[in-house]
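The structure appears below as structure tokens.
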Amino acid sequence: MKVAILGCGAYGLALASILVKNKVVVTMWSYSNEEKEILTKSRKSNKLENYKIPECINFSTDMNEVVKDCNLIVIAVPTFSFESTVIKLKECIDKRQPVLIATKGIQQDTCLFLHDVFKKHCKNKIAVISGPSFAVDIVKEVPIGLSLATKYNSVDLVVRKCFENKLTKFRRTNDIIGVEVCGSIKNVMAIASGMLEGMNASPSTKALFLTESMNDIKELLFALGGKKKTILSFAGFGDILMTSTSPSSRNFSFGCLIGEGKSKQVINNYLKETTVEGMYTLQSIHKLVKKKNVKMPIINLIYDIINGKKEKEEILKFLIRK
């Protein structure tokens, strides 16, 4: 089997590590020649410290070369560069090649889900994966579980053939929207959970927040055309629990800074040095719920706190008022 991974970030490299162990041939596409040269020569990435990239993983900036004759194409670029990557891919993809979307988020300007962004440009069969799986854990070879959302048995089979092994487990669903919503909003909830951590909230209060969040997300899934039960999947409960309670989560750590009352300079420096996907997604989700006339006041509150319109302590009052 031969797989192309578009994107050389931490998660793309982690997915490549699974493939290599499964004896799959892996080539990764980078947008930058400088990044390609660093990864090729040093076999290290500052996005995934202490991980030695296997010599058998090849890197290239030529997307046509990367995707040619591949059995599966995986997209693992940041949300903000997803569409530009798909537009490049359109020029060289074969219509028979299945695509696995590993990017999480909702497009900011249009509020489109990423599978809809993909379908604007390409007609290939797709799948979406999401679940509790930090890149740093994947490369340590620990058991992980992922939701695999697709409407095509053929895509399900090829994804499993490439990725599934004694440490990697998939649960199939056809709820692509539900998996995408969960995979996106969990980063926003992790920011709020981090705020509570930074404010030294009790375990009871943090559990109150997570429980209320789960119920709100369940209703949001239904309102946006997904299935309520997806909240109980790896993409739902599993990823929300992990991301909202672990210091390894960049979104959680960012929320902690706000909760601790750190200065704007400290917070802005963190944002410059770290990719906090929840900040990008917050803008999209806030706009989306307003556009769809969906009631989700926790999103409005987090948005207002982040933008300095309300004090962080409001989240404690909100949880009791709600």
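Just so you know, these numbers use all the heavy atoms, side chains as well, and skip hydrogens, waters and symmetry mates. Residue indices begin at 1 and follow the sequence shown.
Here the side chains of Glu311 and Ile305 are not in contact, with every heavy-atom distance at 4.5 Å or above. Using a 4.5 Å heavy-atom cutoff, the side chains of Glu83 and His121 are in contact. Between Ser130 and Lys104, some side-chain heavy-atom pair lies under the 4.5 Å cut-off. Within the 4.5 Å cutoff, no side-chain heavy atoms of Leu100 are placed close to those of Thr150. The side-chain heavy atoms of Ser147 and Ile129, taken from C-beta on, include no pair separated by under 4.5 Å. Contact annotation: the side chain of Phe254 never approaches that of Ser249 to less than 4.5 Å [non-hydrogen atoms, C-beta and beyond]. Side-chain contact check for Val136 versus Tyr51: every heavy-atom pair is 4.5 Å or farther apart. The closest side-chain heavy-atom distance from Ile231 to Asn215 is not below 4.5 Å.
Going from atom CD1 of Ile320 over to atom CD of Glu212 covers 9.0 Å, rounded to the nearest 0.5 Å. For the atom pair Leu146 CG and Arg172 CZ, the distance stands at 15.0 Å (nearest 0.5 Å). The line from NE2 of His286 to CD1 of Ile302 is 10.5 Å long, rounded to the nearest 0.5 Å. Here the straight-line distance linking atom NZ of Lys36 with atom OG1 of Thr61 works out to 5.0 Å at 0.5 Å rounding. Atom-to-atom distance recorded for Ser244:OG and Met214:CE is 9.5 Å, nearest 0.5 angstrom. One finds the OG atom of Ser184 at 12.0 Å from the CD atom of Gln107 (value rounded to the nearest 0.5 Å).
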Output, in order, the C-alpha distance, side-chain angles, deciding distance and verdict of side-chain contact (heavy atoms from CB on, under 4.5 Å) for Leu316 and Thr205. CA-CA 8 Å; Leu316 297 172; Thr205 301; 3.9 Å; yes

For a side-chain contact (heavy atoms from CB on, under 4.5 Å) check, start with the C-alpha distance between Ile258 and Lys262, then their side-chain angles and the critical distance, and finish with the verdict. CA-CA 6 Å; Ile258 297 172; Lys262 298 295 185 184; over 6 Å; no

Go through it in stages, so that I can follow the logic: the residues are Glu313 and Met199, the test is side-chain contact (heavy atoms from CB on, under 4.5 Å), and I'd like the CA-CA distance, side-chain angles, deciding distance and then a yes or no. CA-CA 8 Å; Glu313 288 78 14; Met199 294 162 64; 4.3 Å; yes

For Ser81 and Ser84: C-alpha separation, side-chain torsions, deciding distance, then whether side chain to side chain donor-acceptor pair (under 3.5 Å) applies. CA-CA 6 Å; Ser81 62; Ser84 60; 5.1 Å; no

Quick one: do Tyr303 and Leu282 satisfy side-chain contact (heavy atoms from CB on, under 4.5 Å)? Show the steps, please. CA-CA 7 Å; Tyr303 182 87; Leu282 176 59; 4.1 Å; yes

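Residue-environment remark: NZ (Lys47) exceeds the threshold of 12 foreign heavy atoms within 6.0 Å. Applying the 6.0 Å contact sphere to CG of Asn50 captures no more than 12 heavy atoms from other residues, nucleotides or ligands. Annotation: Lys120, atom NZ; neighbour count of heavy atoms from other residues, nucleotides and ligands within 6.0 Å is above 12. Heavy atoms from other residues, nucleotides or ligands lying under 6.0 Å from NZ of Lys169 number 12 at most. Annotation: Phe237, atom CZ; neighbour count of heavy atoms from other residues, nucleotides and ligands within 6.0 Å does not exceed 12. Atom NZ of Lys21 has more than 12 heavy atoms from other residues, nucleotides or ligands within 6.0 Å. The number of heavy-atom neighbours closer than 6.0 Å to CG of Asn33, taken from other residues, nucleotides and ligands shown, is above 12. Surrounding NZ of Lys291 are at most 12 heavy atoms belonging to other residues, nucleotides or ligands under 6.0 Å away.
Looking only at distances, a side-chain donor or acceptor of Lys2 sits under 3.5 Å from a matching main-chain atom of Lys68. A side-chain donor-acceptor contact under 3.5 Å links Gln108 to the backbone of Tyr280. For Glu180 (side chain) and Ile106 (main-chain N/O), no donor-acceptor pair under 3.5 Å exists by modelled atom type. The main-chain N or O of Gly278 is never found under 3.5 Å from a side-chain atom of Thr281 such that the two would form a donor-acceptor pair. Side-chain N or O atoms of Asp137 include none that pairs as donor or acceptor with a backbone N or O of Ser133 at under 3.5 Å. A side-chain donor-acceptor contact under 3.5 Å links Asn22 to the backbone of Cys162. At distances below 3.5 Å, not a single donor-acceptor pair connects side-chain atoms of Asn307 with backbone N or O atoms of Lys309. Side-chain atoms of Thr274 never come within 3.5 Å of backbone atoms of Val276 as a donor-acceptor pair (strictly under, hydrogens ignored). Side-chain atoms of Asp62 come within 3.5 Å of backbone N or O of Asn64 as a donor-acceptor pair. Put simply, the side chain of Thr211 gets close to the backbone of Ala207: a donor and an acceptor are under 3.5 Å apart.
Follow the hydrophobic side-chain contacts under 4.5 Å out from Met195 and you never reach Met242; the two are in separate clusters. Note on Val142 and Val139: same hydrophobic cluster, where clusters join Ile, Leu, Val, Met, Phe, Trp and Tyr whose side-chain heavy atoms are under 4.5 Å apart, directly or indirectly. Placement of Leu210 and Phe318 within a single hydrophobic cluster is found when ILVMFWY residues are connected by side-chain heavy-atom separations under 4.5 Å, directly or transitively. Taken together through direct or relayed side-chain contacts under 4.5 Å among Ile, Leu, Val, Met, Phe, Trp and Tyr, Val159 and Met1 form part of one hydrophobic cluster. Ile87 and Val74 are members of different hydrophobic clusters when ILVMFWY side chains are connected at heavy-atom separations under 4.5 Å.
Contact between Ser30 and Cys8 at its shortest, heavy atoms only, is CB-SG, 3.8 Å. Looking at every heavy atom in both residues, Gly236 comes nearest to Cys182 through CA-SG, 3.8 Å. When all heavy atoms are compared, the tightest approach of Ile53 to Ser45 is CD1-N, 4.4 Å. The shortest heavy-atom contact between Cys56 and Arg43 is N-NH2, 4.4 Å. Between Ser246 and Phe134, the shortest heavy-atom contact is OG-CE1, 3.5 Å. Taking both residues in full, the closest heavy atoms of Thr275 and Arg250 are given as O-NE, 2.6 Å, listed atom of the first, atom of the second, then distance.
Connectivity analysis of hydrophobic side chains (ILVMFWY, heavy atoms under 4.5 Å, direct or indirect) links Val128 to Leu6, Trp29, Tyr31, Met63, Val66, Val67, Ile73, Ile75, Val77, Phe82, Val86, Leu89, Ile93, Val99, Ile101, Leu112, Leu114, Val117, Phe118, Ile126, Ile176, Val179. Taking Ile, Leu, Val, Met, Phe, Trp and Tyr as hydrophobic and joining them when side-chain heavy atoms fall under 4.5 Å apart, one finds Val25 isolated, its cluster having no other members.
For the 3.5 Å distance criterion, the side chains of Glu37 and Thr40 fail to qualify, holding no donor opposite an acceptor. In the model, Ser233 has no side-chain atom that pairs as donor or acceptor with a side-chain atom of Thr230 under 3.5 Å. Between the side chains of Asn174 and Lys227, a donor-acceptor pair is found at a separation under 3.5 Å. Inspection of the Ser213 and Asp216 side chains reveals no N or O donor paired with an N or O acceptor under 3.5 Å.
Ring geometry, Phe170 versus Phe163: the interplanar angle exceeds 60°, so the pair is classed perpendicular (tilted spans 30 to 60°).
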